[in-house]
Amino acid sequence: MNEPVRRLSVVVLALFLTLMVAASYIQVIAAGDLNADARNVRTLYREYGTFRGPIVVDGESVVWSSPVDDSFNYQRTYADGPLYAAATGYYSIVYGRTAIEQTENDLLSGTADSLFWTRLSNLVSGETQRGASVELTLDAQVQEAAAAALGDDAGAVVALDPRTGEVLAMVTSPTYDPATLAGHNSSVVNENYQALLAQEDGPLVNRAIAGDLYPPGSTFKLIVAAAALDSGYDADTELYAPDELDLPLSSRTLGNYGGESCSANERQTLADSLAMSCNTSFANLGMQLGWNVVARKAAEFGWGEQLSIPLAVTPSVLPDDPDEAQTAMASIGQFDDRATPLQMAMVAAGIANDGVLMTPYLVDSVRDANLRLVEESEPEELSTPMTRADANELTDMMVQVVESGTGKAAQISGVQVAGKTGTAETGTGEGPHAWFVGFAPADDPVVAVAVLVEHGGSTQAEATGGKVAAPIARAVMEAAIAAEGGS
């Protein structure tokens with residue numbers, strides 16, 4: 001073979017090798033990325049052309065796929081979309097997936113490893129692949145009551161079953177309709193999405209678990225009270241409760257809400273201080289205990305925890321190494337204390353469940369297209385922040401808050417309610433955030449709830465947790481008790 005032929009052979013061989021390597025790279029190594037590329041229309045058609053499983057609440061589908069006569073074959077449909085949007089999220093050909101539509105995508109689409117045998121059976125029988133149904137822990141009756149009570153005010157409501165950690169209600173306001181983002185006309189979907197983004201009140205934000213963190217105000221006094229009980233205090237321990245408390249290393253003083261006096265003799269029991277939400281006594285108590293003691297107790301209730309329910313939860317935060325004056329302010333839920341409504345519901349749930357805090361969860365079970373059980377959630381203990389005795393004593397103190405203190409608007413006829421109000425200053429010039437956390441019935445709790453109304457809602461500067469948030473919590477607890485009785 002002469003030299004030109006040999007050179008040509010080498011070039012041809014190199015071209016073949018290059019072609020083989022390129023084909024192998026595209027088909028094997030880069031296949032996943034190429035399939036996932038949003039510009040790959042065939043991937044969209046394949047994904048949307050498969051029947052996607054429903055999302056179920058109380059045995060009824062609140063999200064399902066309906067057959068349509070277009071290139072995508074199925075249209076995602078949302079019943080009561082705004083009511084369940086915080087949990088379900090949306091499924092969009094333009095903007096992808098959020099919330100349960102995202103976290104449980106493999107199950108809903110039918111591609112999860114746990115559905116392998118179902119897919120194999122479908123392949124053998126020639127049946128079309130179908131996704132699994134995801135059943136949520138939400139209680140429709142409680143969810144509806146929470147949404148109705150919160151109304152149009154910006155804020156959130158979270159209700160938990162303290163015995164298991166099941167999320168019974170998760171409402172955020174304002175909300176949106178996922179159906180507006182699930183259409184197959186990309187230009188219309190984009191227009192709807194941009195309109196939602198343009199709204200200053202943030203309807204796409206899940207305020208219950210992943211929006212801005214909020215100062216918890218006086219609801220944080222439950223943490224300080226728990227730390228005090230753990231340190232040897234009891235409900236009758238007298239605290240220093242002046243009209244104004246001098247803040248160390250500062251020329252400033254701390255007063256009580258509305259300039260009220262907690263006690264005529266500057267002494268008040270721990271129980272009475274909680275009932276009337278005395279700022280000066282709890283600020284001084286926090287300094288006496290020391291911030292490390294308070295922060296440790298908060299951590300036992302979940303502060304700083306990276307939770308997934310399976311929706312990602314923004315960890316609540318505390319100030320790092322505050323001085324004494326800052327400790328005083330943080331002990332009444334101000335300064336750099338920040339929490340989600342879910343976190344505050346967990347505080348109530350941990351106390352309600354005899355001091356045992358269960359891990360919150362939103363997915364109850366998963367069933368394949370033939371209704372065979374594929375996965376089922378089991379309650380898990382997250383921590384034990386209190387002894388049974390301390391939890392029971394704090395419960396009695398919280399009952400006093402509702403019966404004769406700041407939480408009277410949470411009272412339910414014939415049912416003993418335990419609770420704590422909160423009115424958190426924001427430093428923005430707007431009204432304070434209104435909070436209520438609690439549980440009922442106090443002697444055998446079936447629901448723990450946290451309510452947050454941003455800047456007091458329509459009441460604005462006149463807002464207090466007892467006036468604004470407590471009635472919302474009452475409605476939610478009533479619904480949960482009624483649902484428990486009917487189950």
Side-chain angles (χ1 to χ4, degrees), residues 35-36 38 42-140 143 166-167 170 176-184 189 206 308-312 361-378:
N35 278 328
R42 287 183 298 177
T43 296
L44 282 177
Y45 288 156
R46 182 169 62 250
E47 179 178 348
Y48 282 81
T50 300
F51 179 85
R52 187 173 179 82
I55 300 175
V56 179
V57 173
D58 281 349
E60 299 290 334
S61 296
V62 297
V63 184
W64 66 90
S65 293
S66 302
V68 291
D69 187 20
D70 65 19
S71 301
F72 294 103
N73 294 338
Y74 293 99
Q75 170 68 56
R76 204 63 168 156
T77 303
Y78 296 85
D80 291 323
L83 177 62
Y84 294 106
T88 66
Y90 57 77
Y91 183 64
S92 170
I93 62 172
V94 182
Y95 295 103
R97 305 170 290 263
T98 61
I100 289 296
E101 291 277 33
Q102 166 60 27
T103 62
E104 308 307 289
N105 180 60
D106 288 351
L107 291 163
L108 292 167
S109 65
T111 61
D113 291 343
S114 58
L115 297 172
F116 171 77
W117 295 110
T118 302
R119 292 196 300 273
L120 184 61
S121 175
N122 290 341
L123 181 63
V124 172
S125 63
E127 296 179 15
T128 304
Q129 178 179 315
R130 297 170 69 87
S133 62
V134 174
E135 301 176 6
L136 304 184
T137 59
L138 296 178
D139 185 296
Q143 183 83 356
E166 292 173 294
V167 180
M170 182 171 66
Y176 70 100
D177 188 351
T180 62
L181 305 179
H184 294 168
V189 169
N206 187 339
S308 172
I309 65 171
L311 281 59
Y361 64 98
L362 183 59
V363 175
D364 179 60
S365 58
V366 177
R367 296 181 183 273
D368 68 14
N370 297 314
L371 300 183
R372 287 189 292 262
L373 187 64
V374 176
E375 297 179 11
E376 186 173 25
S377 298
E378 293 290 340

I need the [X] [atom1] to [Y] [atom2] distance, nearest 0.5 Å.
X    : Y    : atom1 : atom2 : answer
L362 : L136 : CG    : CG    : 5.0 Å
Y78  : L83  : OH    : CG    : 14.5 Å
L311 : I100 : CG    : CD1   : 5.0 Å
E104 : T88  : CD    : OG1   : 12.5 Å
Q102 : L108 : CD    : CG    : 10.5 Å

Non-hydrogen atoms of [X] and [Y] that approach each other most closely:
X    : Y    : result
A99  : A86  : CB-O, 4.1 Å
T77  : S66  : OG1-OG, 3.1 Å
V56  : S133 : CG2-CB, 4.3 Å
S61  : A79  : O-CB, 4.5 Å
D177 : G81  : OD1-CA, 3.8 Å
A140 : V57  : N-CG1, 4.0 Å

Look only at the side chain of [X] and the backbone of [Y], and say whether a donor-acceptor pair between them is shorter than 3.5 Å.
X    : Y    : answer
N370 : R372 : no
T137 : Y361 : yes
Q143 : M170 : yes
T98  : Y90  : yes
Q75  : A182 : yes
S377 : V363 : yes

Kindly confirm or rule out a cation-pi arrangement of R52 over Y74, judged by NZ or CZ under 6.0 Å from the six-membered ring centre and within 45° of its axis? no

Any side-chain heavy atom of V63 sitting closer than 4.5 Å to one from P54? no

Less than 4.5 Å apart, any side-chain heavy atom of I55 and any of E101? yes

Counting neighbours of CG on D70 that are heavy atoms of other residues, nucleotides or ligands and sit closer than 6.0 Å, is the number greater than 12? yes

